[in-house]
Amino acid sequence: GNSVTQMEGPVTLSEEAFLTINCTYTATGYPSLFWYVQYPGEGLQLLLKATKADDKGSNKGFEATYRKETTSFHLEKGSVQVSDSAVYFCALSNGANSKLTFGKGITLSVRP
Amino acid sequence: DAGVIQSPRHEVTEMGQEVTLRCKPISGHDYLFWYRQTMMRGLELLIYFNNNVPIDDSGMPEDRFSAKMPNASFSTLKIQPSEPRDSAVYFCASSPPGLASVNEQFFGPGTRLTVL
């Protein structure tokens with residue numbers, strides 16, 4: 001079956017630090033990969049996505065590259081801001097429906 | 001567009017009471033999902049619908065939970081009777097038609113349920 005594994009959290013960084021959040025997946029075929037973000041008190045919202053191998057998704061300074069050889073989709077940002085403090089979820093979608101498989105999520109706190 | 005609308009935003013009830021959570025998906029979306037989020041279990045998919053028909057309810061924890069979608073613009077998740085372990089944030093999400101595997105899910109703000 002499908003599964004998504006995220007690195008353990010929480011993560012605390014200083015403003016302008018470099019961010020990497022690891023995500024690996026297990027799936028048959030060619031899944032689509034997503035990063036969702038959940039700000040405090042809100043629902044999840046799509047941050048970026050990639051639909052095939054070697055695709056790079058990017059948004060708001062965040063990037064992630066779909067690596068089929070390592071089954072990974074790590075999230076990176078060169079310089080985090082306090083406003084990036086949130087919970088980040090890696091997810092995949094596989095097959096003929098919209099069902100998403102989510103990782104456990106990781107809490108990022110950015111201090112000024 | 002107003003986005004996915006959920007009501008109520010907060011619900012506090014006593015054990016044994018019936019709880020009904022409501023969701024209005026984004027107009028034109030034909031997939032609707034119900035999730036539950038807790039600290040212990042993270043985000044769990046409970047059930048999802050396509051064109052108002054339940055497709056997969058394998059995540060529904062037990063018979064106390066039921067979900068309906070009588071039309072394209074409304075869905076309910078009911079818990080009867082409620083128990084303290086049902087306390088969680090319940091999210092509704094919808095997704096547009098098309099190439100399903102690449103579609104984005106749009107989440108509502110959630111309903112925070114507390115069962116005393």
Side-chain angles (χ1 to χ4, degrees), chain A residues 1-10 23 25 27-53 55-60 64 66 73 86-107, chain B residues 1-7 9-10 21 23-26 28-51 53-59 88-112:
Chain A
N2 300 326
S3 68
V4 175
T5 302
Q6 292 185 232
M7 57 186 280
E8 294 285 327
C23 171
Y25 68 90
T28 55
Y30 302 92
S32 296
L33 302 174
F34 305 80
W35 277 101
Y36 278 79
V37 59
Q38 183 180 26
Y39 298 105
E42 298 182 12
L44 282 71
Q45 55 186 274
L46 180 67
L47 180 59
L48 53 84
K49 68 181 182 185
T51 59
K52 58 183 188 296
D55 264 5
K56 179 186 281 187
S58 61
N59 186 25
K60 299 182 181 179
Y66 188 162
F73 193 55
V87 182
Y88 292 81
F89 294 88
C90 185
L92 72 81
S93 178
N94 202 6
N97 57 57
S98 281
K99 187 174 174 179
L100 286 170
T101 300
F102 284 94
K104 289 185 181 292
I106 185 169
T107 299
Chain B
D1 201 328
V4 175
I5 298 172
Q6 291 187 249
S7 64
R9 292 295 308 275
H10 302 274
L21 311 181
C23 175
K24 177 178 168 53
I26 294 172
H29 285 191
D30 63 351
Y31 281 91
L32 184 138
F33 305 81
W34 282 101
Y35 291 90
R36 178 172 69 176
Q37 186 179 38
T38 61
M39 290 293 290
M40 291 296 293
R41 291 183 145 109
L43 196 62
E44 303 173 277
L45 177 65
L46 300 177
I47 185 172
Y48 77 95
F49 296 83
N50 181 222
N51 291 320
V53 175
I55 302 300
D56 184 351
D57 65 354
S58 60
V89 180
Y90 291 82
F91 289 104
C92 176
S94 68
S95 186
L99 187 55
S101 64
V102 301
N103 280 340
E104 174 182 351
Q105 287 187 20
F106 294 78
F107 282 73
T111 295
R112 182 174 295 277

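Note on naming: letters A, B, ... go to the chains in the order of the sequence lines (proteins, then strands), and numbering restarts at 1 for each one. As a basis for the values below, the full set of heavy atoms in this structure was taken, side chains included, without hydrogen atoms, waters or symmetry mates.
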Contact origin within [X] toward chain A - heavy atom pairs under 4.5 Å:
{"X": "D56(B)", "answer": "side chain"}
{"X": "R9(B)", "answer": "side chain"}
{"X": "F106(B)", "answer": "neither"}

Query raised in the report: Which pair of heavy atoms, one from F107(B) and one from L44(A), lies closest together, and at what distance?
Result: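 Here F107(B) and L44(A) meet closest at CB-O, 3.2 Å.
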
Query raised in the report: Closest heavy-atom contact between Q105(B) and Y36(A)?
Result: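 Taking every non-hydrogen atom into account, N-OH, 3.0 Å.
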
Query raised in the report: Take atom OH in Y30(A); do more than 12 heavy atoms of anything else shown fall under 6.0 Å from it?
Result: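 No, the 6.0 Å shell around OH holds no more than 12 heavy atoms from other groups.
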
**Report entry** Check: Y31(B) side chain, K99(A) main-chain N or O, donor-acceptor pair, under 3.5 Å
**Finding:**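 Here the side-chain-to-backbone pair does not exist.
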
Requested in this report: Run the numbers on Q37(B) and Q38(A) for side-chain hydrogen bond (donor to acceptor under 3.5 Å, both in side chains), then give the verdict.
Outcome: CA-CA 12 Å; Q37(B) 186 179 38; Q38(A) 183 180 26; 3.0 Å; yes

